[in-house]
Amino acid sequence: MVIRTRFAPSPTGFLHIGGARTALFSWAYAKKHGGKFILRIEDTDVERSTPAAVQAILDGMHWLGLDYDEGPFYQMQRMETYKQVLQTMLDNGTAYHCYCSKEELDALRESQMQQGLKPRYDGRWRPETGKTLPTIPNGIAPTVRFKNPQTGVVAWDDLVKGRIEIANAELDDLIIARADGTPTYNFCVVVDDFEMGITQVIRGDDHVNNTPRQINMLMALAAHDSNLKIPQYAHLSMILGGDGQKLSKRHGAVSVMQYHEDGYLKEAVLNYLARLGWSHGDAEIFNMQQFCEWFDLDHITPSAAQFNTEKLNWLNAHYIKEANLDALAEDISARLQPQGLSPQNIPAEAGYSYVKANIHKGSMASNLISAPDLKAVLNLYRERANNLNQLANDVAYFYTLPQASSADVEKHITPEIMPAMQKLQQQLTHIEWTAEAIHQAINAVVAEFGLKFPKLAMPLRVMLTGIAQSPSIDQVMALLGQNETLTRINAYLK
RNA sequence: GUCCCCAUCGUCUAGAGGCCUAGGACACCUCCCUUUCACGGAGGCGACCGGGGUUCGAAUCCCCGUGGGGACGCCA
């Protein structure tokens with residue numbers, strides 16, 4: 001049997017982290033078994049569905065690389081099918097018209113709640129042999145309800161939660177078509193999962209309660225269609241926010257694209273999500289190919305998982321170190337643009353001063369030199385970064401003049417070290433511009449003045465990078481370039 | 001309220017009756033490395049919700065509590 005899974009989001013908002021994990025698991029399950037992954041947009045709620053949300057979902061999936069084999073299918077374009085099935089059910093008596101008004105239903109619910117009962121439809125329009133139905137009121141368009149069995153139990157072996165049984169007595173006759181004739185969610189899901197040949201329904205925990213109703217409908221349909229097979233169900237428990245609270249629009253339910261903007265690599269997000277609720281022994285770091293080979297439903301935890309940004313950061317750091325340098329440079333370059341810095345677009349011959357002229361409107365000296373190569377810079381910095389925005393921020397001083405804080409200047413650039421700095425500056429003018437030679441030059445001055453290395457390295461950091469933390473200062477200088485290094489030092493020597 | 005689900009370090013998890021003195025990872029702490037900050041390396045702290053069973057033996061199975069969550073829409 002060919003495995004067919006689907007991801008069926010409703011386009012009422014962006015693709016959030018929970019939806020992304022559901023999609024990831026469905027996708028991986030299909031990949032693992034050489035099956036098909038189908039994308040279906042559940043847009044039957046005309047009020048809340050928007051084209052923008054559809055696009056947001058598509059964008060999110062595209063960013064993560066969750067490609068689908070079929071679809072996207074839009075339920076609103078499948079109306080004819082639903083109407084046909086609806087008519088069939090009406091004809092064969094598995095569904096019926098209900099003329100209750102919303103007000104009537106609300107009143108019913110309220111009184112049931114007050115009596116401490118489970119709110120449910122009381123079946124007043126449910127046809128029964130020997131029962132007289134109320135008189136059909138004027139001016140009320142009826143809804144269609146599914147005639148749910150009233151006795152017995154519905155049961156299924158949930159692929160993550162195990163066997164679940166629910167008494168039919170707990171279920172009422174749900175509305176499957178609105179007064180305006182449009183079908184509702186539970187009905188469309190049933191028709192689509194059947195017609196699209198879905199073999200495993202992998203979805204959120206919040207659908208557990210819908211499952212018995214859907215199975216009942218499927219069975220009603222099956223009675224008239226021998227091809228129908230009931231899919232297997234796997235219900236994923238939810239992802240909680242870092243504080244253990246449920247994620248919601250107002251509570252940290254961030255769009256998956258937000259992670260992109262916030263400086264995360266898709267590899268990190270994917271790896272993190274894969275480990276949230278699923279495990280493969282002690283494996284923590286693995287790529288999607290590996291994941292697809294390992295993935296199974298047996299190792300999904302049935303309990304809810306809390307989102308932990310710290311661990312995501314750790315994975316992000318790992319993938320930044322592993323990233324392809326060209327791709328990384330492209331990404332960082334894009335993150336530098338908003339700051340007016342575009343290292344990759346600088347004409348080689350224009351060089352570094354070109355950038356400065358554009359940023360500082362000519363306020364800097366304009367020695368014509370080359371801007372430091374972004375890839376080389378990133379290679380030096382990626383080891384210490386766990387976020388792309390942070391990384392972009394860290395390397396920005398290579399392309400624009402840094403502004404040191406007065407605290408750092410006071411602390412490190414003391415009058416006492418100025419003679420040594422002066423000497424170093426002179427030495428720097430006539431050496432070969434390599435990290436090694438620079439290192440030797442600093443060492444020589446340090447020895448001559450009886451200092452410790454950091455005594456000179458720290459002020460250099462502040463002068464050159466604007467802050468007191470950086471990679472090896474000799475390497476920074478080598479990359480910054482001789483002219484720019486001297487220019488920045490001179491600015492402090494006056 | 002009713003029904004359903006869940007329960008191992010702070011967090012993500014391993015664990016399918018003896019391999020458990022409960023393993024790994026993130027975070028945290030200590031030390032090492034060191035040219036600052038990071039990276040990295042080595043250690044450390046730290047959990048089976050409670051109570052009853054079943055069994056020679058239970059984190060693992062059963063029951064009851066407790067706690068948490070979900071669902072009860074002409075939303076999906």
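Every chain is numbered from 1 and lettered A, B, ... according to where its sequence line falls, protein lines coming before strand lines. Computed from a predicted structure; not experimentally measured.
For a distance-only test at 3.5 Å, the side chain of A/His412 fails to qualify as a donor-acceptor partner of the base of B/rU36. With hydrogens and angles left out, the side chain of A/Arg275 and the base of B/rU13 share no donor-acceptor pair within 3.5 Å.
Candidate nucleotides B/rU13, B/rA27, B/rA76 were compared by shortest atom distance to the side chain of A/Glu310, and B/rA27 ranks first. Of the candidate nucleotides B/rA25, B/rC26, B/rC74, B/rA25 has the atom nearest to the side chain of A/Glu284. The listed nucleotides are B/rC26, B/rC12, B/rC4; the one nearest the side chain of A/Val208 is B/rC4. Side-chain proximity of A/Ile164 to the nucleotides B/rU13, B/rC5, B/rC74 is greatest for B/rC5. Ranking B/rC74, B/rC26, B/rC39 by closeness to the A/Lys321 side chain, first place goes to B/rC39. Minimum atom distance to the side chain of A/Thr143 is reached by B/rC74, of the listed B/rU35, B/rU13, B/rC74. Comparing B/rU35, B/rU11, B/rA25 against the side chain of A/Gln306 picks out B/rU11 as the nearest. Of the candidate nucleotides B/rU11, B/rU2, B/rG24, B/rU2 has the atom lying nearest to any side-chain atom of A/Glu170. Closest to the side chain of A/Leu105, from the set B/rC26, B/rC74, B/rA76, is B/rC74. With B/rC74, B/rU35, B/rU13 as the candidates, the nucleotide lying closest to the side chain of A/Ala305 is B/rU13.
When heavy atoms are screened at a 4.0 angstrom cut-off, A/Pro471 is found touching base atoms of the nucleic acid. Among the heavy atoms of the strands, none lies under 4.0 Å from A/Cys188. Nucleic acid contact class of A/Thr44 (heavy atoms, under 4.0 Å, all strands): sugar-phosphate only. Backbone-only engagement by A/Ser279 is indicated by non-hydrogen atom pairs under 4.0 Å involving sugar-phosphate atoms exclusively. Here A/Asn386 lies out of heavy-atom contact (under 4.0 Å) with every strand. At a threshold of 4.0 angstrom between heavy atoms, the contacts of A/Glu383 are confined to the sugar-phosphate backbone, with no base atom among them.
Between A/His280 and B/rG24 there is no side-chain polar atom (N or O) within less than 4.0 angstrom of OP1 or OP2. Look at A/Lys161 and you won't find any side-chain N or O under 4.0 angstrom from OP1 or OP2 of B/rC4. Using a 4.0 Å cut-off, no side-chain N or O of A/Ser237 falls inside it from OP1 or OP2 of B/rC6. When the side-chain nitrogen and oxygen atoms of A/Thr12 are compared with OP1 and OP2 of B/rA76, none of them lie within a distance under 4.0 Å.
Summarising the geometry, atom CG belonging to A/Asp331 is positioned 4.5 Å from atom CG belonging to A/Leu388; distances are rounded to the nearest 0.5 Å.
The shortest side-chain heavy-atom distance between A/Leu460 and A/Leu424 falls under the 4.5 Å cut-off.
Atom-to-atom, CG of A/Asp296 to C1' of B/rA16 comes out at 14 Å; the value is rounded to the nearest Å. Put simply, OH on A/Tyr121 is 20 Å from C1' on B/rU2, counting in whole angstrom units. When rounded to the nearest whole Å, the span between NZ of A/Lys455 and P of B/rU35 equals 16 Å. For A/Tyr381 and B/rU36, the OH to C1' distance is 11 Å, given to the nearest whole Å. Between the CG atom of A/Asp192 and the P atom of B/rA76 there is a distance of 12 Å, given to the nearest Å. Atom-to-atom, CG of A/Asn316 to C1' of B/rC26 comes out at 14 Å; the value is rounded to the nearest Å. One interatomic measurement links the two molecules: CD of A/Gln114 to C1' of B/rG1, which rounds to 12 Å at whole-angstrom precision.
Panel note: side chain A/Arg120, backbone A/Asp172; no donor-acceptor pair is recorded below 3.5 Å. One N or O on the side chain of A/Asn387 and one on the backbone of A/Asp262 form a donor-acceptor pair closer than 3.5 Å. One N or O on the side chain of A/Ser111 and one on the backbone of A/Leu108 form a donor-acceptor pair closer than 3.5 Å.
Pair assignment for B/rA25: B/rU11, on the basis of Watson-Crick or G-U wobble contacts that are both within less than 3.5 Å. Base pairing annotation: B/rA38 forms no Watson-Crick or G-U wobble pair, as no partner gives both donor-acceptor distances under 3.5 Å. When Watson-Crick and G-U wobble pairs are counted only if both distances are under 3.5 Å, B/rU54 pairs with no nucleotide at all. With both pairing distances under 3.5 Å, B/rG67 is matched to B/rC6 as a Watson-Crick or G-U wobble pair. Summarising the base pairing, B/rC72 is matched to B/rG1 through a Watson-Crick or G-U wobble pair whose two defining distances lie under 3.5 Å.
Between the C1' atoms of B/rG23 and B/rU60, the separation comes to 15 Å (whole Å). A distance of about 37 Å separates the P atoms of B/rC56 and B/rU11, rounded to the whole Å.
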Under 4.0 Å protein heavy-atom contact, by nucleotide of nucleotides 68-73 of chain B - B base, S sugar-phosphate only = -SBSBS

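Here A/Trp278 and A/Phe25 keep their ring centres 6.0 angstrom or further from each other.
Glycosidic torsion of B/rC39 falls within 90° of 0, placing the base in syn.
The aromatic rings of A/His97 and A/Tyr99 are tilted relative to each other, their planes meeting at an angle between 30° and 60°. Relative ring orientation between A/Tyr381 and A/Tyr397 is described as perpendicular, the plane-to-plane angle rising above 60° on a 0-90° scale split at 30° and 60°.
Using modelled atom types and a 3.5 Å distance limit, the side chains of A/Asn186 and A/Thr184 yield no donor-acceptor pair. A/Asn210 and A/Tyr185 share no donor-acceptor pair across their side chains, judged by distance under 3.5 Å alone.
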